[in-house]
Every structure is written in structure tokens, then in C-alpha cells.
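Order of the sequence lines fixes the chain letters, A, B, ..., with proteins taken first and strands second; residue numbering starts at 1 for each chain. Fair warning: this is a prediction, and the values are worked out from it, not measured in the lab.
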2 protein chains.
Amino acid sequence: MSSTTSARPPGRPRAGVNAVVFAATLRTVRELGYARATVDRIAAAAGVAKTTVYRRWPSKGALIVDCLLDAFGPAPLEGAGQAELMSSTIHWIAAKISEPGVGDAFAGVFSDAVSDPALREILSTRLQDPYRIALQDALDEPENRVLFFIDVVVGTLLHRMGMTGEPMVDADVAALVEMVLPHFAG
Amino acid sequence: MSSTTSARPPGRPRAGVNAVVFAATLRTVRELGYARATVDRIAAAAGVAKTTVYRRWPSKGALIVDCLLDAFGPAPLEGAGQAELMSSTIHWIAAKISEPGVGDAFAGVFSDAVSDPALREILSTRLQDPYRIALQDALDEPENRVLFFIDVVVGTLLHRMGMTGEPMVDADVAALVEMVLPHFAG
DNA sequence: TTTTTTCGCTACCTTGGGTATCGATACCTG
DNA sequence: CAGGTATCGATACCCAAGGTAGCGAAAAAA
């Protein structure tokens, strides 16, 4: 039991500041927007040196992705049938994106990934894949259908957020559900 | 006839290089990606000084928006009924986004707009509004419905482009049409 | 006490958007 | 042809922000 897992690496242990940095990240993004939420400012808001941030995350994008993972948590895949499952998933991700800072951070890191293949890989692997796989299992749909589902739902929510600066209102989220469900129920 | 429209402003007239700059923009974005397509490089590719570019467009984002307007052209609002009209519109914008450089430029400028309210205003006013108004007229739908339609279609296409780096394949565009049409036909 | 690793700090590099300045040039008007 | 005006290209520059290097200090384990 002690051969595979090293009981503890030597040297000074890391301070448990990840949660503090995540909170500072969302707070800074909420207050200043994504672009002005520089790593300098995030570190300052967390009471941590900028070099400490870069010692833990290789880039700003990687920090944001981990922050979003922490903010989203596991998908609550609850629901009797396939329809209820998709509906609750759409409402869940819409609500998360509506949380202060989360939507801006999501849209911002997605934006950066457009012209940064390395970040796109991180975003796809660390953020999208876990939820995609969980959805494949829960919905019993093939990969390409789930990817299309994600494109529609997340793409729509982020486009609204990007064009207006405000998250999508509940009525439109409901319309999104009503549009998506029949397409997959058939 | 000569009192309202000044026949010509005094001074050296502008050289007709807009088309050259637009072409150089798309070519540079296609070859290097959005982030590495700097104004410096675009100007060099167009055989023009960087200061000349900034004399005509107030920012890189404004240049990209005008370039996209030039690339899109007017929406071909042809089609007998509402269904055919929406279908042809979706296929048209999907095809445009698939053109080399256009999709990257679109996703890139959209990304920048997320945390740049001034650019968001330009994007909304100069790019989205004309097509939105034309669609409102052609489809006879209220503004919020047309905005929702645009969020779904453009958001989905851009999300696919941003996550994979490749435009959406025809089969998925067809699925998008099949998902959207019933929602608006009813 | 020595070793090992992280910490905060400061200084620095690089890229890229955007601006200021200046001589040269093209065009119109008198 | 001379003068006025506005653009052109070129160079130099400012600034913000992502990211790195080096260093002494501090926190553990051996």
C-alpha cells in the first residue's frame, strides 16, 4: 500500500490556496471582465504571488479551465427518461453560465482557445470530454450526437452571452429545451 | 444637387486599397490563425503601411468586422415559404463560415468582443443588426425570435468551429436545419 | 542541521494593439 | 505654376499583459 503511492514528497508542501485562487479568479472576472482579469490581478486578489500561479497552472487558460471545472462540479445526471435528463442538463448548464463570473470566464477562455490549439486541447480534454462521456452513458447516444447536442446548447448560450453580455433569460432557455428535445426524442 | 453632397473633399484622395486589405486579412488569418494575424502582418501582406490600416479602421476588430461584411455580402433571402427561407439561410451562413479564413476571423472577432464592450457594439450594430432586420422582414417574426434563431444557428456553428478548429460538416448542418425548422414552423 | 521544495519578490523578455511624428506625394483650386 | 489639404509610408514609440529567471526566505522531513 505504501509502495505505489509515495506517502509524501519531500520538501516544503504546497499551501492549500487552490480554492482561494479559484474564488479570486471568478471574483476578478466578474468585477473587471475577462480581458482585464489579468493573472497579476487574480494573484493579487488571492493574496498570492503571480509566480505561484504559474507554478501550478501552465497558462492563464489552464487556470480558467480548472476554475470552471471547480465551479461546475459533476453534472447532476438525474431524470427518469431521456427527455427529463436532457432538459435538466440544459437548465443546469444555463444556470451555471448565469452565475456571476462563470459565464464571462467560460466565454473568455473559449474565445482564447479559438486561436490557441494548445488551449483548445486543454478545453476539449479536461472540460468537455468528461461531461460528454457522462452524457453518452446516461443518454445512450453515440458520440457524434452528444457532440452535436453540446454544440447546440453551449454554443447558443455562449453566443447570447457574447453578443449581449448578459446570460440567456429563462424563457429563452425554455425555448431551447423545447427545440432540442423533439429532435432527440424522435 | 451640388449643395448637399460635396463633390469631393479636398486633399489627396484615398488609394483604393480596401479590397486588397480585405483579401490580405482573410489570407493571413487562414495561414496563421486569428491571433497570429496581427495588424502588422496583415498590412505587410496587403503591401500597405500599418498606419494606413489604422487610418481607415479604428481597431483590429473593426477591420475584421468590415472584412466579414465584405465576405458575407447581402443575405440571399430566397425561398418560397418560411421553412425554405430559414433552411437556405442556415446553409448560406454555414457555407460562408466554412470558407477559408472566414470562420476563423468570425470566431476570433467574436471572441475578442466578449471582453470588449466597444467591439461588441460594433459587432452587434454593423454585422448582426442588418441581417437580423432583413430576417425579421422576410420571416415576419418578432425581434426576440429572430435573435434566438441567430443565437442557435451562429452559436452552434461557432462552437463547433472553436472546439474542433474545423467547420461543421454538411450532415450536421442538415441536422441543425431539421432541429430548428419544426420549432419555428409550429 | 542538512536537504528539498515551495514561497514571495523583483526584474525582465516578448508580442501585439495602438499612437505620434515627419517628409513625401497626389489632388484640387486660384 | 503656387498654395492648401489630406493621405501615404516609415520609423519610433508607449503600454498592457502573458510568461520566465533568479534569489533569498520559509516549511517540512530525515
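Within the 4.5 Å cutoff, the side chain of B:I42 has no heavy atoms near those of the B:V53 side chain. Side-chain contact between B:V109 and B:L127 is absent, with no heavy-atom pair separated by less than 4.5 Å. Using a 4.5 Å cut-off on side-chain heavy atoms (C-beta onward), A:V169 and A:V173 make no contact. Put simply, the side chain of A:M179 reaches to within 4.5 Å of the side chain of B:M179, judged on heavy atoms. Residues B:V48 and B:V20 have side chains not in contact (no heavy-atom distance under 4.5 Å, counting atoms from C-beta outward). The side-chain heavy atoms of B:K60 and B:L119, taken from C-beta on, include no pair separated by under 4.5 Å.
For the segment residues 102-116 of chain A, the set of residues with a heavy atom within less than 4.0 Å of an atom of DNA chain D is empty. Near DNA chain D, meaning a heavy atom under 4.0 Å away, the residues from residues 14-49 of chain A are A:T38, A:V39, A:R41. For the segment residues 52-65 of chain B, the set of residues with a heavy atom within less than 4.0 Å of an atom of DNA chain D comprises B:T52, B:R55, B:R56, in numerical order.
Within the structure, ring pair (Phe, Tyr, Trp, His ring centres under 6.0 Å) pairs that include any residue of residues 93-122 of chain A comprise A:F72-A:F106, A:F110-B:H159 (at least two apart or interchain). Counting only residues at least two apart or on different chains, the salt bridge (charged side-chain N to carboxylate O under 4.0 Å, His left out) pairs with a member in residues 141-165 of chain A are A:R132-A:E143, A:E141-A:R145, A:D151-B:R160, A:R160-A:D172, A:R160-B:D151. Residue pairs that meet the ring pair (Phe, Tyr, Trp, His ring centres under 6.0 Å) test with at least one member in residues 27-67 of chain B, sequence neighbours left out, are B:F22-B:W57. Counting only residues at least two apart or on different chains, the salt bridge (charged side-chain N to carboxylate O under 4.0 Å, His left out) pairs with a member in residues 113-126 of chain B are B:D66-B:R126. Among residue pairs with one or both ends in residues 79-108 of chain B, those qualifying as salt bridge (charged side-chain N to carboxylate O under 4.0 Å, His left out) are B:K96-B:E99; sequence neighbours excluded. Within the structure, the ring pair (Phe, Tyr, Trp, His ring centres under 6.0 Å) test picks out the following pairs touching residues 73-101 of chain B (sequence neighbours left out): B:W92-B:Y131.
Judged purely by atom type and a 3.5 angstrom limit, A:S87 has no side-chain atom pairing as donor or acceptor with the backbone of A:A83.
The side chain to side chain contact (heavy atoms under 4.5 Å, CB included) search around A:A15 returns A:V17, A:R56, not counting sequence neighbours.
The C1' atoms of five pairs define one axis at each end of the helix from C:dT1-D:dA30 to C:dG30-D:dC1, and these two axes lie 10° apart (to 10°).
Protein chain A contacts DNA chain C over a range whose 5' and 3' limits, counting nucleotides with an atom under 4.0 angstrom from a non-hydrogen atom, are C:dT4 to C:dT10.
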